[in-house]
Amino acid sequence: MRLTRYFLPVLKENPAEAHIVSHRLMLRAGLVQQQTAGIYAWLPLGFRVLKKIEAIVRDEQERAGSIEILMPTIQSADLWERSGRYQEYGKEMLRIQDRHERDLLYGPTNEEMVTSIFSSAARSYRDLPRNLFHIQWKFRDEVRPRFGVMRGREFLMKDGYSFDIDAESGRRSYRRMFVSYLRTFERMGLRAIPMAAQTGPIGGDLSHEFSILAETGESQIFCHRDLMEMSMPGDDIDYDSDLKPIVERWTKPYARADDEHDPAVFESEVAPNDRLEARGIEVGHVFFFGSKYSEPLEATVSTPEGRSVPLQSGSYGIGVSRLVGAIIEAYHDDAGIIWPESIAPFQVGLVNLGPDKPECVECCESLYAQLNNAGIETLFDDTSENPGVKLSRMELIGLPWQLRIGPRSLKKGVGEIQARRTGENTEVPVDNLVERINTLLGRVSA
Ligand code: 5CA
């Protein structure tokens, strides 16, 4: 993408309304723009990141056997009246009336709808287990929307729902999602700690919050230090096997969200040096609630013995739009964002530092064509602005690799590659630049 044809509205000044670094950087780097309290438009650069996160979430969901659907944002109040949540949800739910004065709502979550969809077709134990997910906008009329996309009113969530014949297999489905969450966040460069949590308006008696550590986090975390170092289930993970040992390994060391924390138990179970008390950002939350929704909605299936039983379910959420902010909280410096490669909007920022020099223009054009041919996502700063402006903008938007072409180095036949993360600079002969970038990106060079 050429910057002269792109839409990247970066801000020079720090926006006064942004109180935490991720919010500030998201506005400054032109990722989002606020439309009204807690509601954001995603600009091109931010939208690319959102899509990358979505793709990782989708990939890991599918690997764990979950199937993608898409439910609407607007729901009828009927099902919610049957489950009892229409009243219970209170002011956080955005209620709407259509022209026929029928009650609708903008979905804050989808337990009722998905239960109704699934049970309209599932007849017996043969149709189970199944896990359906979607990635869809939600609306919650939060009392205090704040920190940008971190606590929005409209936000993008991956929500998945499992259906099983009995509680034991339901818990197996829960464990499958638990393990897939560990892998999902790890792929984004995040260490998310699963902690026993309360279930709130979703319900049930088994629940874990997945949180990453950040000073600006809204929740308090109490856990054993070992959880920061624990090894992840690898690519050879078999989701058909019983994942109990992995879940037990991860849930054995003390880890509780604030609402489940008991200081006496923490002190008796965890030695002082092993205690980690920190602020956290909740990026995911899993629940097992059995028949809480299937019973009132009469969502039943027949057992092998011919008995009719309510479906056993859990729900599994990931804050897709919140993750953009959470990742920036984890990866930034004074100059701007430092995207992990897996979710960077572009892998390479190609900067022409001599836009008025024909040899620089020619070299950059050739490199840009080569990078495109190699399938490397490149943002090409082909503007005629001065080098200082260009370089600080590149730092701000945080692409993992910068490739700089300037008149002085070009005389020596080299360009410069700079790693955003380390700030390390390497001069590389112009003819080898693309190959070197390929290697740095961990791709097999041609
Ligand atoms: N139905 C269940 C699971 S599918 C559910 O709604 N769970 S939740 O309420 O915990 O939300 C799931 C995730 O969405 C949270 O872990 C959080 O990462 C994200 N989330 C929740 N509220 C907001 C919000 N106001 N702004 C941004 N992200 C949010």
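When a ligand or atom number is given, it counts from 1 through the structure's own listing order.
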Could you name the protein residues that come within less than 4.0 Å of ligand 1, counting only heavy atoms, and order them by chain and residue number?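 Residue list for ligand 1: T109, E111, R140, E142, V149, M150, R151, G152, F155, M157, D159, I202, E282, V283, G284, H285, F287, S315, Y316, G317, G319, R322.
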Regarding Q75 and Y106, is there a side-chain donor-to-acceptor distance under 3.5 Å anywhere?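 No - no donor-acceptor pair under 3.5 Å links their side chains.
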Do D103 and Q97 meet the criterion of a side-chain donor-acceptor pair at a distance under 3.5 Å?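 Indeed, the side chains of D103 and Q97 share at least one donor-acceptor pair under 3.5 Å.
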Check for me whether the distance between the ring centres of F266 and H261 falls short of 6.0 Å.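 Ring centres of H261 and F266 closer than 6.0 Å.
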Name all residues meeting the side-chain contact (heavy atoms from CB on, under 4.5 Å) criterion together with L43; count only those two or more places apart in sequence or in a different chain, and write none if there are none.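 Per chain and number, L43 pairs via side-chain contact (heavy atoms from CB on, under 4.5 Å) with F7, P9, Q33.
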Taking side-chain contact (heavy atoms from CB on, under 4.5 Å) as the test, write out the residues that go with K244, two or more places apart.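 K244 satisfies side-chain contact (heavy atoms from CB on, under 4.5 Å) with R175, D242, E248 only.
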Salt bridge (charged side-chain N to carboxylate O under 4.0 Å, His left out) pairs, two or more places apart, involving residues 179-190: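 Pairs touching residues 179-190 that pass the test: D59-R187, E60-R183, E60-R187, R183-D235, E186-R191.
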